[in-house]
Amino acid sequence: MLRPMSHRVALVGAGLGRFGVRAEPPRDLFAEAWHSCLASVDGDLGPQDVDEVFVGNLGVGGFQLGNLGPFVTEATGIHGVPAQRVENACASSGFALRDAYLAIRSGAVDVALVAGIEKMNDLSRAHQRYWLGVSGDTEWERTAGLTFPGVYAQMARRHMHEYGTTEEHLAHVAVKNHANGAKNPKAQFQKEITIAKVLGSATVADPLKLYDCCATTDGAACLLLASDDVAGRATDTPVWVAGSGAASDRVAAYERPSMTEIPATKQAARRAADEAGFGAADVDLLEVHDCFTIAEVLALEDLGLCDKGGGGRYAASGATALDGERPVNASGGLKAKGHPLGATGAAQAVEVFLQLRGQAETRQVDDAERALTHNVGGSGASCAVHLFSR
Amino acid sequence: MMRLRYLPRLALNVDRLSEAVGKRIPGGADRLRVADVDEDEATLAVEALRALLARAEPGPDDVARVRVEGDMDERQASIVGQAVFGDADRVVVERPGATAPEDGLVVGVRVRVVRAASADLFKGRGSFAEAFLPDSVDEDPEIHEPAGVHELPVSTDRLDALTRADETALGAVPMGAHVPEVTWEAGCDARYRLLVGACADGHTHFPPRRVCPTCGSEAEPRPAPRHGRVHTLAVIAEGGGPTEFDFLQEAWGSYASLIVEPDGLAGTRIPGLGADAAPEDFGIGGRVEAVFRRIYATEGRWRYGTKFRPAPKA
């Protein structure tokens, strides 16, 4: 448990660029997201006020592995302040958010830029698959022929065996998220799909098919965080980061006691809720880590929204649709919005910022006052959960 | 670890090896004969030898007596001995005509591959030896490709090309995206012998670590049973796995990646590719047995390890 807060932490600006297959180099992608973030700031907080920069990123395909923090900061007009890359695979910017949160709540920092960026579509397909395969247990999982589709497929197969989850349950997740993505002008995929399309798509790693898997996405997202001392300069309607929780676990999925849950999610969610005083069951919307449809099903269970084993049926029930009792992935999720690995955690917070300020347009969740973001690294080696309130 | 590509050709006499496994040989030597095979079989032979001898658990006083015959020079013989024992001090190079050693586990540098007798010969010695067993007995001392160790329906040329594939398909290998040779070698014992870490409280885990992940006490490696059940699996189709395993899809269209729970070690799981069967022949709860197989090619040579095939009904 962390010590009591010195300061409250507010999200005062957030923006992202269009996610998808982008031709622009990383600096330009970053600048696009940064400008979108600056444009969202109501008041006069700007680059000159930023004390520290935290950038989530896996490795931009090896292009700028070293010094990525200073590299992207060059695109922002922020000069001379500490800037670093934060890495936890697909949970990189969730942890970057956490780092900034801890810095501000401790009183050390007043204003922080949190960002995430990834660019991989400029690599050959073989190189992409190489890079997508280094965040599991490279020595033991990868050499058994596994990258993440395979690992999550093993988890899905076991979940089907233990709980009767079906491929159709999983397809509902994809259909819902694409329906939401169709309402998100920044999403990689903006077309609705059907259950039949999902079930008829090519197998990638049985039982997961093409539409069960998120795509390879380029993109960046930026957040401005401020302490309660200075938040008022930026906006009268901040979104408070009420709690941050994070955890780590065995890198290899097969080494965990059960292959049908992600313990790091449970721990992170519990820790965030302890800080915030409310939890997943109390929020109006959630952005969860649906790198594969099964991952959203597991998240529903691990976050306590439904019984263990009931995630498939819950996902198919309509409860998590935009107009359901518990909207999950109003943004389209990783599935439809896209999953630039290092940017996803920050992008989830962008959606929360828009939703809690009533700026989510056609995908607005009514009376959204509290929200949760859930960002997982790999198959559950790391997880960061954040709780937000108006 | 020496690059075996520099060795002359070797062959593996599985029958003779089986007698050496698990035994000290007081007062005599059990000599294994080397003849010409290609360098890849040299890799295979020495890997097999290492694995078998590791299972014999040579003691600190055992010595690899490398008998130099024919066209192999002392340096090459020493390399083989080191490859087997991993310790140059324990290799003694002998010339023909030297007296047979008094005791200790003896490995001759001449090893020949022959077709072995039926599986019964290897009963109780572990299914590793069965990897080399084709169905029929063959008295002919000529070299035969050990059946089943690379079970792919592709030519030897294609397999050789695969050892160079990562250099052509990917250009310069990006850092961190493969298992380095030194790391791979460090894991070979666990891979070949299916070692799990076991603590005094009875917890086991794979791969073996020095600290028990369940209770934090000290853990020691020990072999897991080579039979078990499939806990879960995935059937990997095009694009669904690492690039270095694309060759499995070239050969078969898709492959099964299993998570296996060894008999008697509930909760401990071992990952491995499925072998000797179509992916649809594997299912959760199915019984499987461990076998020694080629795994993949990288940086100019094949790497070996354990796969799992459906176990015959008891």
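Proteins get letters first, then strands, A, B, ... in listed order; numbering begins at 1 in each. These figures come from a predicted structure and were not determined experimentally.
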Tell me which of these, Ala256(B), Gly272(B), Pro207(B), Gly305(B), has more heavy-atom pairs under 4.5 Å with chain A than the rest. Pro207(B)

Give a yes or no on whether the backbone of Trp140(A) and the side-chain of Arg191(B) come within a donor-acceptor separation of less than 3.5 Å. no

Side-chain (Ser257(B)) to main-chain (Ala144(A)) donor-acceptor, under 3.5 angstrom: yes

Nearest 0.5 Å, please: how far is CZ in Arg209(B) from CD in Glu255(A)? 4.0 Å

Mind checking the CD-CG spacing from Glu238(B) to Leu210(A)? Nearest 0.5 Å is all I need. 11.0 Å

Would Val235(B) and Arg157(A) satisfy side chain to side chain contact (heavy atoms under 4.5 Å, CB included), going step by step from the backbone distance to the final call? CA-CA 10 Å; Val235(B) 178; Arg157(A) 183 79 82 108; 4.0 Å; yes

Where do Ala153(A) and Ala234(B) come nearest, in terms of heavy atoms and distance? CB-CB, 3.6 Å

Is the shortest heavy-atom distance from the side chain of Pro271(B) to the side chain of Glu141(A) under 4.5 Å? no

Check whether Pro279(B) gets within reach of chain A through its side chain, its backbone, both or neither, counting any heavy atom under 4.5 Å. neither

pair Thr183(B)-Glu139(A): side-chain heavy atoms closer than 4.5 Å: yes

Does atom CG of Asp281(B) have more than 12 heavy-atom neighbours, drawn from other residues, nucleotides or ligands, at distances under 6.0 Å? yes

Sequence neighbours excluded, which residues qualify as side-chain contact (heavy atoms from CB on, under 4.5 Å) partners of Ala264(A)? Ala247(A), Asp249(A), Ile262(A), Cys383(A)

Taking every heavy atom of Ala205(A) against every heavy atom of Ile236(B), the minimum-distance pair comes out as CB-CD1, 3.8 Å

CH2 of Trp184(B) to OG1 of Thr143(A): how many Å apart, nearest 0.5 Å? 5.0 Å

Reported CD-to-NE2 distance for the pair Gln154(A) and His231(B), which is rounded to 0.5 angstrom: 9.5 Å

Keeping the roles fixed (side chain from Arg142(A), backbone from Val179(B)), state whether a donor-acceptor pair exists under 3.5 Å. no

Decide if atom OH of Tyr211(A) counts as having more than 12 heavy atoms of other residues, nucleotides or ligands within a radius under 6.0 Å. no

Looking only at heavy atoms and a cut-off of under 4.5 Å, which of Leu208(A), Thr203(A), Thr147(A) has the most pairs with chain B? Thr147(A)

Test side-chain hydrogen bond (donor to acceptor under 3.5 Å, both in side chains) applied to His159(A) - qualifying residues, sequence neighbours left out: Thr165(A), Glu301(A)

Give, for atom OG1 of Thr232(B) and atom CE of Met160(A), the distance between the pair rounded to the nearest 0.5 Å. 10.0 Å

Relative to chain A, which of Ala237(B), Ser254(B), Gly285(B), Gly267(B) shows the most heavy atom pairs under 4.5 Å? Ala237(B)

Within the supplied structure, the quantity of interest is the number of heavy atoms (other residues, nucleotides, ligands) at a distance under 6.0 Å from Lys308(A) NZ; does it exceed 12? yes

Distance check, rounded to the nearest 0.5 Å: Ile270(B) atom CD1 versus Tyr254(A) atom OH? 8.0 Å

Closest contact, heavy atoms only, Arg269(B) versus Pro257(A): NH2-O, 2.7 Å

